[in-house]
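Reviewing the structure listed below.
One-based numbering, in listed order, for ligands and for the atoms of each. Values below: every heavy atom of this structure, side chains too, minus hydrogens, waters and symmetry copies.
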Amino acid sequence: MAKNILEVEDLKIYYPLASETFFGKGGVVKAVDGVTFDIRENEVFGIVGESGCGKSTLGRGLCRLDPITEGRVVLDGQDISKFDRKQMRPIRKTIQMIFQDPYASLNPRMSIFDIIAEPIRIHNLAKNDKELEERVVNLLRRVGLDAYHANRYPHEFSGGQRQRIGIARALAVEPKLIIADEPVSALDVSIQAQVLNLLNELKKDLNLTYIFIAHDLSVVEHISDRIGVMYLGNFVEAGDKNKIYKNPLHPYTKALLSAVPIADPTVKRKRIILEGSIPSATNPPSGCKFHTRCPKRMPICETVAPQRYEPSPDHYVYCHLYDDKLEAQAAES
Ligand code: SF4
C-alpha cells in the first residue's frame, strides 16, 4: 500500500463570532469539529457535503491558510499544525491550493507571466531570468495554454482558461499535494469535463496527490479514489469510492446519493428528501449532529455522539446503526 502523505488527527477549526450580543459574547462557529483521516500518496481524496458543512475551511486549514484550533496535521512526515507563517513558507512548496473562483484568486493587475512566476521567485526555483521564462512557458503549455498568453491579464481569459492559469500557478513550485476547493463548480458543464481531464492527466504525469473538495457527488465520483462525506464539521462516512457509491452506509450519504441523476433510464432510485436544512455550526445538535434530519434516528442519537465503525476494510461510518452492541441489546429487549 502507498505511504501516507497526509495524516490528520482530531482536527478542530473554531472561529469566535465577532459580534457581541445583548446577552454576552457571540460564541464560536465549530466549522471543523474533530476530523481524522489520512491521504495516501498519488491518490485523489474527494471531500463532499452541502455548503456550510466545513469542507472549504478544512481545505484551508490543511494548507494553514486558516488557523487550527486543535489537532494534528502531519504532512510528508512533518507535523505542521503549530507552524507559523515563516515556518510554513518552505512547506508551501509541498502543498498548494486551487480555488473555486479563479478570477478572484488571480491578481487583476498582474500579467499571467508574473502570476505564475511569483511562486518560482519566492522559492528561488529558477537560476536566472531565462530559466524563469522557460519554466513559465512550460507551465502554460502543460495546462493547455500558449506562450503568448504570458503577456496578457486575467480579465482577458474565460473562466476555464483562468482555472488553467490557477492550476499552472499551483504547479509552479512542483508540489506533491494539491488541495482543489470546488475547482470546477463555477464553470460550464462542458468546460468542467476539460478541467477534470486536465487534473487527471497532471496527476498521472506528475505523480500528484489531490484533495478534491466539491458539493457535487457526480464530479467527485469521476475523479476520486476515496471519499469523505462531511456534515456539520465532521466526516460521517469515508473510504473507498466504489464501496461508498455502491453501498452507502450513513443515512446522510444515502440521501445525497439518492439525488444524483442516473444516466440509465431503466434504473430507478427512490429519492430521499431530508427534513429541514443544515443546522448552525454555532449551536450544533447534541448527540449525532445529523439526528434532527435523520429518517432513521433512534432515542440514543439525540444524546450520544456515534463512534467510528468500520463494517468493511477501508469503509467507515459514524452512526449508531452499525453498533453491534446496540443491535444485540435491541434483540434481547
Ligand atoms: Fe441517524 Fe442515529 Fe445514525 Fe445519526 S446515529 S445517522 S441520527 S441513525
Side-chain angles (χ1 to χ4, degrees), residues 8-14 28-37 45-55 57-58 71 213-218 220-221 224 226-260 269-333:
V8 180
E9 206 182 300
D10 202 19
L11 184 70
K12 294 180 182 158
I13 303 176
Y14 294 173
V28 292
V29 178
K30 296 179 176 177
V32 176
D33 195 18
V35 166
T36 298
F37 67 110
F45 188 89
I47 299 179
V48 279
E50 291 165 286
S51 95
C53 72
K55 55 192 189 305
T57 308
L58 173 59
I213 298 168
H215 63 274
D216 184 338
L217 272 101
S218 40
V220 172
E221 182 182 15
S224 306
R226 289 196 302 146
I227 287 175
V229 182
M230 258 188 112
Y231 186 79
L232 215 53
N234 296 98
F235 281 149
V236 293
E237 180 166 359
D240 178 85
K241 181 223 4 215
N242 294 321
K243 290 189 177 185
I244 291 180
Y245 276 84
K246 286 198 189 115
N247 181 30
L249 300 176
H250 197 280
Y252 180 59
T253 316
K254 288 181 185 180
L256 285 184
L257 276 173
S258 78
V260 175
R269 185 153 59 190
K270 190 164 175 274
R271 177 90 194 263
I272 302 167
I273 310 280
L274 293 175
E275 296 167 15
S277 53
I278 192 161
S280 160
T282 320
N283 186 20
S286 58
C288 171
K289 288 181 182 172
F290 185 58
H291 84 255
T292 53
R293 301 172 76 195
C294 181
K296 301 274 181 193
R297 70 178 161 259
M298 304 172 279
I300 190 177
C301 306
E302 291 172 28
T303 50
V304 181
Q307 299 167 22
R308 169 174 157 151
Y309 302 99
E310 196 160 350
S312 75
D314 202 14
H315 189 182
Y316 62 87
V317 62
Y318 292 83
C319 171
H320 292 305
L321 292 171
Y322 301 90
D323 183 344
D324 294 339
K325 281 189 231 124
L326 271 183
E327 211 175 293
Q329 278 168 19
E332 276 168 25
S333 60

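Remark: the backbone N or O of Ser286 is paired with a side-chain donor or acceptor of His291 at under 3.5 angstrom. Of the possible polar contacts, one joining the Lys241 side chain to the Ser224 backbone as a donor-acceptor pair under 3.5 Å is found.
Partners of Asn247 according to the side-chain contact (heavy atoms from CB on, under 4.5 Å) rule, which considers only residues two or more places apart in sequence or in another chain, are Leu249.
Tyr322 OH to Glu310 CD: the interatomic distance, rounded to the nearest 0.5 Å, is 14.0 Å.
Ring geometry, Phe290 versus His250: the interplanar angle falls from 30° to 60°, so the pair is classed tilted.
Within a radius of less than 2.8 Å around atom 1 (Fe) of ligand 1, the protein N, O or S atoms are Cys294 SG.
Between Lys243 and Asp314 there is no salt bridge, since none of the side-chain N atoms of the basic residue sits less than 4.0 Å from a carboxylate O of the acidic one.
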